[in-house]
S.K.: 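My questions will all concern the structure given below.
To find a chain, count down the sequence lines: A is the first, B the second, and so on, and within it residues start at 1.
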Protein chains: 2
Amino acid sequence: MMRPTVRRAGPQALMSPVLARLNGFSPLSAALVEQIEGLGRRTETVAAGATLVEAGDLATRPCFIVDGWACRLRMLPDGRRQLFNLLIPGDGLGVSIHPHPLAQSHATALTRVTTVDASVLLDPVSEEIRRLMVRIAAQDESLLLGHIVRLGRQTAYERTAHLLVEIGRRLQASGVGEAAAYHFPVTQEALADMLGLSIVHVNRTLQQLRRDGLIDMVRGEMHLLNLDTLMSISDFQPSGAVPTPQA
Amino acid sequence: MMRPTVRRAGPQALMSPVLARLNGFSPLSAALVEQIEGLGRRTETVAAGATLVEAGDLATRPCFIVDGWACRLRMLPDGRRQLFNLLIPGDGLGVSIHPHPLAQSHATALTRVTTVDASVLLDPVSEEIRRLMVRIAAQDESLLLGHIVRLGRQTAYERTAHLLVEIGRRLQASGVGEAAAYHFPVTQEALADMLGLSIVHVNRTLQQLRRDGLIDMVRGEMHLLNLDTLMSISDFQPSGAVPTPQA
DNA sequence: CGATCAGTTGATGGGAGTCAAACGGTGTGG
DNA sequence: CCACACCGTTTGACTCCCATCAACTGATCG
């Protein structure tokens, strides 16, 4: 399903989500910026629904998502699915200092997704990159822990609000959206499998949030109309979850 | 089988959970075994309910749990609690090659807990230790992902079965129990906060499992009477979750 | 011996799942 | 160009799993 790359702008525009996200941790060296921009020469694009990583694969090649949405997930034998996280532009896939022996989970494209190969970044791991990977790993774990709280102890209403806030902050960090206004091409089915709810109930919960004046969504454009309320009802903990540039 | 009584007599008996667990990944070098046994000279014991790690702490000192049960958890403002994992003898706390800037979560003792300081292990990180830490990190993540599936997509019955199987395998790997028979001093309240259920429903679910002839528990001694059935109803994936010695 | 804690049981209610059908948009083929 | 299928969304009716409230038991303990 991989097809030739359509490059619309310069490579630096292509890599900007990765640069923005990493730069959010701490300013990148000029050398690293250049190195990352160089990754943009090797892109790969897959269609929605494509498998990015097969669970149990040996040595999947590390990459960054530069466009589109993906997710990591597990399926149960009877068809039930659970998403572990949503992957947005700027996120890595298999990007770790320590190549895990086996891929921990399946990864699937939720929309058309463009990736860039990141293996050269990890060939000689510089001290700067090592530090960045540690920060990414810490943030990834933090997101997983937040996800566990959502699924275990929050209502559908709270879960949905929490996730929408989290996504906005992450998209903002990657520079592909704003904390309270972003393009959201995820189907309610995927959202249901992320939030541990049924499709029908996700739909009703979103409409309840809309009726309450907290969100608004037209044709994939999500607007969080009252970020403070959304954060307080979902007990959103900004601490360390995302390195926000501004206070 | 041999009852691994934690006897205060020899340090090697004290450290045996750590040694057994690490040895399960790959045989430890004699030098490392000796080094780990040496950790037993600096123990610390806290009562049930004590806080082991405060969330947000800077640089908590790494340690291994050598006796007792603990957990990592988060609390919501209204008192709801969600456990992230259960920590058993042999598990590390803050043991990582990369000292995270901040502790990701609160850690609490569920029973009286004895720990040993592990900081000397990480002072100069040998290649052997580095490899072990990578394995531990991979397993920890795998457990978190399994936990997410439990909470998001499994029924109370399935969740409980899954957790009981997982715990048995981990206790066996640490040599402080067997996969189908182990001491289980966790209250139903803690179990509820782990499984995302109410105390009452945990109680009912355990009794249902008992009525179905799948488990038996008398005075804290858990017996899994039909491991195969428990694994199949909970879709327990042994793959990589725990390095089982036997095939 | 009262007090507290963990476990147990019953009654009741609600949040979320399931089943079913209809709607609108998009793409495709006759 | 329209018919049709397909996909994602929406809505209603009904069901059920699990939470909540409440009371009671047994064990431990100061």
S.K.: Output yes when B:Arg170 and B:Asp91 qualify as a salt bridge under the 4.0 Å nitrogen-oxygen rule, no when they do not.
M.R.: yes
S.K.: Atom CZ of A:Arg159 and atom C1' of C:dG15: how far apart are they, to the nearest Å?
M.R.: 10 Å
S.K.: Distance check needed: C:dA16 P versus A:Leu151 CG, whole Å only.
M.R.: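 After rounding, the gap between these two atoms is 12 Å.
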S.K.: Looking for any heavy atom pair under 4.0 Å, which part of the strands does B:Ile199 touch: base, sugar-phosphate only, or nothing?
M.R.: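 If one applies the 4.0 Å heavy-atom cut-off, B:Ile199 turns out to touch nothing in the nucleic acid.
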S.K.: Hey, is A:Arg61 close enough to A:Glu44 for a salt bridge, meaning N to O under 4.0 Å?
M.R.: no
S.K.: Each nucleotide N or O in nucleotides 25-27 of chain D that has a protein N or O under 3.5 Å away: list the pair and distance.
M.R.:
none

S.K.: Between residues 203-210 of chain A and DNA chain D, which residues have a heavy-atom gap below 4.0 Å?
M.R.: A:Asn203, A:Arg204, A:Gln207
S.K.: Between B:Thr45 and B:Thr114, is any side-chain donor less than 3.5 angstrom from a side-chain acceptor?
M.R.: yes
S.K.: Would you mind telling me which of B:Leu230, B:Leu224, B:Leu227 makes a side chain to side chain contact (heavy atoms under 4.5 Å, CB included) with B:Leu164?
M.R.: B:Leu224
S.K.: Look at all strands and tell whether A:Gly220 reaches a base, only sugar-phosphate, or nothing, counting heavy atoms closer than 4.0 Å.
M.R.: nothing
S.K.: Closer than 4.0 angstrom, basic N to acidic O: yes or no for B:Glu166 and B:Arg159?
M.R.: no
S.K.: Salt-bridge test for A:Asp193 and B:Arg153: reply yes if a basic N is under 4.0 Å from a carboxylate O, no otherwise.
M.R.: yes
S.K.: Which sits closer to the 5' end of DNA chain D, A:Val186 or B:Tyr157, going by the nucleotide each is nearest to?
M.R.: A:Val186
S.K.: Testing the 3.5 Å rule here: is there a donor-acceptor pair between the side chains of B:Arg204 and B:Gln207?
M.R.: no
S.K.: Hey, is A:Arg169 close enough to A:Glu178 for a salt bridge, meaning N to O under 4.0 Å?
M.R.: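 Answer for the salt bridge query: no.
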S.K.: Let me know the distance between NE2 of A:His201 and P of C:dA20, rounded to the nearest Å.
M.R.: 21 Å
S.K.: Kindly assign one of parallel, tilted or perpendicular to the pair B:Trp69 and B:Phe184, based on the angle between their ring planes and the thresholds 30° and 60°.
M.R.: perpendicular
S.K.: Of the nucleotides D:dC18, C:dG7, D:dT20, which has the atom closest to the B:Thr187 side chain?
M.R.: C:dG7
S.K.: Without decimals, in angstroms, what is the distance between B:Arg211 CZ and C:dT8 P?
M.R.: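 It is 11 Å, rounded to the nearest whole Å.
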S.K.: So, is A:Gln188 close to the D:dT10 phosphate, meaning a side-chain N or O under 4.0 Å from OP1 or OP2?
M.R.: yes
S.K.: From the set D:dT20, C:dA16, C:dA20, return the single nucleotide nearest to any side-chain atom of B:Val200.
M.R.: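 Ranking D:dT20, C:dA16, C:dA20 by closest atom to the B:Val200 side chain puts D:dT20 first.
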